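Shown next, in structure tokens, is the structure this report addresses.
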Amino acid sequence: MAGYNEMNPGQSDVKPCPSEDGPELGGTGGGADAVADTDRVDWDAEADTFDDEPDHGLRDAVVREAWAERLRAWLPETPSDVLDLGCGTGSLALLAAERGHHVTGIDRAPRMVDLARAKLAGRDAVFLLGDATEPPVGEQRFDVVLVRHVLWALPDPERVLRHWRGLLRPGGRLVLVEGVWGTLSPVGIPADRLAALLEPLTSDLRVERLSDDPRLWGREVADERYAVVAHV
């Protein structure tokens with residue numbers, strides 16, 4: 001099965017997380033064409049090499065510390081309930097668990113879930129098979145909804161954001177890591193568009209540029225990469 005880079009020659013190496021339902025591979029902001037493209041990706045087959053990307057596996061100590069540093073700033077100082085949507089192999093979940101947070105990870109690829117469970121064995125974390133757009137968490141509510149490289153690929157991000165907001169306790173926060181990748185046919189969701197979608201749903205919002213920190217990616221990058229931390 002062809003991976004993201006093979007299906008998108010000339011793009012950057014960012015792959016969409018496997019828990020999207022209908023991701024966007026042909027433009028910014030989601031769309032029907034993306035559903036067909038990403039549904040051709042076998043995310044179980046991708047799982048065993050997923051961590052080879054520096055910002056996926058966080059195997060390099062410098063990259064790992066760069067993400068740990070960001071999470072310390074984005075997540076609450078005290079132990080909290082964190083919902084990690086599109087968790088992949090659980091790298092960010094592990095960083096959160098190491099800070100004392102209880103993590104619930106959701107991914108739609110069974111192999112990703114298996115690897116995440118193995119990576120966080122013995123930690124205060126649980127991983128469930130499910131769709132990031134409709135996480136199988138019932139009436140449970142969280143202090144943080146953490147999502148990296150998922151929202152950009154969804155066909156209706158406005159609806160999804162409303163649903164994610166409803167999963168938060170009062171005073172909770174959304175932590176969304178997103179971007180726009182590639183130059184010939186850019187894909188992603190621009191920061192200004194995401195901020196506009198979040199403005200009516202949140203009480204406080206900040207955008208943090210990530211493109212300028214090569215430690216996060218294991219190299220210099222030129223495209224738009226950012227995080228949004230939005231409190232409700």
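Computed from a predicted model, the values in this text were never measured in an experiment. FYI, side chains are in, hydrogens and waters are out, and symmetry mates aren't considered; it's all heavy atoms of this structure.
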Between [X] and [Y], is there a donor-acceptor pair closer than 3.5 Å when you use the side chain of the first and the backbone of the second?
X	Y	result
S211	R225	yes
W217	L210	yes
E224	P190	no
W67	S91	no

Practice prompt. Mind telling me whether H56 and F50 have parallel, tilted or perpendicular rings, with 30° and 60° as the class edges?
Written response: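 It falls in the parallel class, under 30°.
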
Cluster overlap [X] with [Y], hydrophobic side-chain contacts below 4.5 Å:
X	Y	value
L120	V137	no
L94	M112	no
I106	V126	yes

Worksheet item: Does the side chain of Y226 come within less than 4.5 Å of V177's, by heavy atoms?
Response: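 They are not in contact (no side-chain heavy atoms under 4.5 Å apart), so the answer is no.
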
Practice prompt. Evaluate the side-chain proximity of P214 to R219: yes if any heavy-atom separation is below 4.5 Å, no if none is.
Written response: no

Closer than 4.0 angstrom, basic N to acidic O: yes or no for [X] and [Y]?
X	Y	result
E65	R70	no
R206	D204	no
E69	R215	yes

Item to complete: Quick one: list whatever passes ring pair (Phe, Tyr, Trp, His ring centres under 6.0 Å) with W74, sequence neighbours left out.
Response: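 Per chain and number, W74 pairs via ring pair (Phe, Tyr, Trp, His ring centres under 6.0 Å) with no residue.
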
Worksheet entry | Atom CD of E199 with >12 non-hydrogen neighbours under 6.0 angstrom | no

Worksheet item: What's the shortest heavy-atom distance between L151 and E178, and which atoms?
Response: N-OE2, 2.9 Å

Worksheet item: Can you list the residues that meet the side-chain contact (heavy atoms from CB on, under 4.5 Å) rule with D124, with sequence neighbours excluded?
Response: H102

Worksheet entry | side-chain contact (heavy atoms from CB on, under 4.5 Å) involving D143 - partner list, sequence neighbours excluded | S80, D81, R169

Worksheet item: In chain order, what residues pass the salt bridge (charged side-chain N to carboxylate O under 4.0 Å, His left out) check against D52, with sequence neighbours excluded?
Response: R59

Fill in: With D212 via salt bridge (charged side-chain N to carboxylate O under 4.0 Å, His left out) - residues at least two apart
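D212: salt bridge (charged side-chain N to carboxylate O under 4.0 Å, His left out) contacts with R209.
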
Item to complete: Could you point out which residue of T133, V232, L201, V147 forms a side chain to side chain contact (heavy atoms under 4.5 Å, CB included) with W164?
Response: V147

Practice prompt. Give me the one residue out of D44, T89, D48 that meets side chain to side chain donor-acceptor pair (under 3.5 Å) with R111.
Written response: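 That would be D48.
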
Worksheet item: Which residue pairs satisfy the salt bridge (Lys or Arg N to Asp or Glu O under 4.0 Å) criterion with at least one member in residues 85-105, sequence neighbours excluded?
Response: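 Found R64-E98, E98-R123.
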
